[in-house]
Amino acid sequence: MRRRTRRILIGVLATLVLLGAGGGVAAWAYGRSLNGHLARTDAFAGVPEDSRPAPVVKGALNVLLLGSDSRDPDKTADSRTDTIMVLHVDADHKKAEVISIPRDTWVFVPTSPDGQHGNTMAKINAAYAWGGTPLTVQTVETYTGVHIDHVALIDFAGFAQVVDALGGVDLKIEKTIKSIHPPYRTFKKGTQHLTGAEALDYVRQRYQFADGDFSRERHQREFLQALLDKAASAGTLANPVKLNNFLQAATKSLTVDNDFDLVGTALDLKSLRSKDLTFMGTPTAGTGMRDGQSVVLSDSTKAKALFQAVADDSVQQYLTAKS
């Protein structure tokens, strides 16, 4: 059952698989129904094919995960993405990795479709504000050299309902802090059981931590891991009402590319288990000032090695060599 977990993260692949190993006509029909209700976007519109990296090894899969929080009190007026991750599923479907790219990473952003923006160095999340999902895909592919197969946009504000449908999640609080947002909750150090609103409030915090946005990014990964673990728990799978509520809430929080097939992908990846998923961050060289902005500087040598491993489908060997 834990196999479906990682799909839910990306787009709800988990949905059908989570649905049940039982399979059968009913499960298939239910999965197709969920697939049909997913919001869609033309994620690759206008992305020049001749400028894209070559597809990965046959059987491997790369999904660009973009997260936004439309009700985040810290969110500015523009539409920049709060979270950027690349999900890589190994060709043998035995392992998968989720790699975070800090939203303030200083990269080259290609020219936007309207020709008014881009063709310049900027924070990577500027790509979304200037050209939506397609320009973000192009920017991430340019930066990583990795071919993106699918895109899933996650509404983190909507994930509050997903968490509540699961009965809350257990998160390890790094240190005792007080939220800077109403109702100014206090989060005590240690493992705490949180509701959806509480969990989202915690992962929004950054000013109380020495490494600021790096902590926020780390806490987002921990939140997603906790969510996946709870989704794959026996208590969820054995309760049809809770499972249905979870799947329905999850699909409402996701938008995927036009070619994404929930049922087919879930079946392809059904052998994955929770222990097979690794979360990591893109290597960085700290922060700096560029054009009057505080940005995250990529460690170009280490980042290139990591993403080359993704492109070659050799991430497990990469991780073994590092350990």
Side-chain angles (χ1 to χ4, degrees), residues 39-54 62-87 99-157 204 206 212-214 216-217 220 254-260 281-282 284-300 303-304 307 310-311:
R40 301 277 174 175
T41 184
D42 193 352
F44 302 94
V47 178
E49 281 298 327
D50 59 0
S51 69
R52 303 189 65 193
N62 292 318
V63 181
L64 178 61
L65 307 175
L66 301 176
S68 66
D69 191 345
S70 58
R71 295 193 290 276
D72 186 341
D74 282 336
K75 189 173 178 62
T76 56
D78 64 23
S79 57
R80 300 191 178 201
T81 52
D82 302 302
T83 304
I84 302 172
M85 299 178 179
V86 175
L87 166 66
I99 305 168
S100 299
I101 301 175
R103 61 181 182 176
D104 290 341
T105 302
W106 192 246
V107 302
F108 177 78
V109 178
T111 304
S112 61
D114 62 9
Q116 300 300 306
H117 303 284
N119 192 32
T120 185
M121 297 294 293
K123 293 181 179 181
I124 195 168
N125 65 352
Y128 192 82
W130 293 343
T133 306
L135 187 58
T136 304
V137 168
Q138 191 176 359
T139 300
V140 170
E141 289 190 334
T142 299
Y143 168 59
T144 64
V146 171
H147 182 92
I148 298 300
D149 301 297
H150 292 292
V151 177
L153 293 89
I154 304 170
D155 175 11
F156 277 98
R204 286 168 174 162
R206 52 177 169 155
D213 225 33
F214 288 108
R216 184 176 183 272
E217 178 189 344
Q220 286 178 340
L254 292 158
T255 299
V256 297
D257 63 90
N258 290 333
D259 295 328
F260 179 82
T282 301
T284 69
T287 60
M289 297 298 294
R290 295 291 186 274
D291 295 343
Q293 309 172 72
S294 176
V295 304
V296 173
L297 303 173
S298 176
D299 185 322
S300 56
K304 181 178 180 180
F307 288 116
V310 174

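What you see below is based on every heavy atom in this structure, not just the backbone, and it leaves out hydrogens, waters and symmetry mates. We number each residue from 1, following the sequence as shown.
Residues Val63 and Ala152 come closest through the heavy atom pair CG1-N, 4.2 Å. The minimum heavy-atom distance between Gln138 and Ser51, with the atom names listed, is NE2-OG, 4.2 Å. The minimum heavy-atom distance linking Ala311 with Gly145 is given by the pair CB-O, 4.0 Å. Considering all non-hydrogen atoms of both residues, Arg290 and Val295 come closest at CG-CG2, 3.7 Å. The minimum heavy-atom distance linking Asp257 with Ala43 is given by the pair CB-CB, 3.8 Å.
At distances below 3.5 Å, at least one donor-acceptor pair connects side-chain atoms of Ser112 with backbone N or O atoms of His117. Between the side chain of Asp291 and the backbone N or O of Gln293 there is no donor-acceptor pair closer than 3.5 Å. With hydrogens and angles ignored, the 3.5 Å screen pairs a side-chain donor or acceptor of Asp149 with a backbone N or O of Asn62. Although no hydrogens or angles enter the test, the distance criterion places no donor-acceptor pair under 3.5 Å between the side chain of Glu141 and the main chain of Pro53. A distance-only check finds a donor-acceptor pair linking the side chain of Thr282 to the backbone of Ser100 [under 3.5 Å].
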Next item on the list: May I have the step-by-step check of side-chain contact (heavy atoms from CB on, under 4.5 Å) for Ile154 and Leu66, ending in yes or no?
Entry: CA-CA 6 Å; Ile154 304 170; Leu66 301 176; over 6 Å; no
Check: Given the rule in the side-chain contact (heavy atoms from CB on, under 4.5 Å) test, do Trp130 and Val109 qualify, once you have shown the distances and angles that lead to the verdict?
Finding: CA-CA 9 Å; Trp130 293 343; Val109 178; 3.9 Å; yes
Next item on the list: Kindly indicate, with the supporting measurements, whether the criterion side-chain contact (heavy atoms from CB on, under 4.5 Å) is fulfilled by Val137 and Leu135.
Entry: CA-CA 5 Å; Val137 168; Leu135 187 58; over 6 Å; no
Item checked: Thr144 vs Lys304, side-chain contact (heavy atoms from CB on, under 4.5 Å): CA-CA, chis, key distance, verdict -> CA-CA 7 Å; Thr144 64; Lys304 181 178 180 180; over 6 Å; no
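Side chains of Pro134 and Asp42 form no contact here, defined as non-hydrogen atoms less than 4.5 Å apart. Residues Tyr128 and Thr133 are in side-chain contact: their nearest non-hydrogen atoms beyond the backbone lie under 4.5 Å apart. Using a 4.5 Å heavy-atom threshold, the side chains of Pro48 and Asp50 count as touching. Residues Val86 and Leu64 form a side-chain contact, since some pair of their non-hydrogen atoms from C-beta on lies under 4.5 Å apart. The shortest side-chain heavy-atom distance between Thr142 and Pro110 falls under the 4.5 Å cut-off. Counting only heavy atoms from C-beta outward, the side chains of Trp106 and Ser298 never approach each other to under 4.5 Å. Asn119 has its side chain within reach of Phe108: a pair of non-hydrogen atoms, C-beta onward, lies under 4.5 Å apart. The side-chain heavy atoms of Thr139 and Ile124, taken from C-beta on, include a pair separated by under 4.5 Å.
Considering only residues two or more places apart in sequence or on other chains, Arg40 meets the salt bridge (Lys or Arg N to Asp or Glu O under 4.0 Å) condition with none of them. By the salt bridge (Lys or Arg N to Asp or Glu O under 4.0 Å) test, Asp213 pairs with Arg103, Arg206, sequence neighbours left out.
A distance of 11.5 Å separates OG1 of Thr284 from CG of Asp104, quoted to the nearest 0.5 Å. Rounded to the nearest 0.5 Å, atoms OG1 (Thr136) and CG (Asn125) are 8.5 Å apart.
Between the side chains of Tyr143 and Thr105, not a single donor N or O lies within less than 3.5 Å of an accepting N or O.
By the 30° and 60° cut-offs, the orientation of the rings of Phe260 relative to His150 is perpendicular.
The only member of Glu217, Arg216, Gln220 that meets side chain to side chain donor-acceptor pair (under 3.5 Å) when paired with Thr83 is Gln220.
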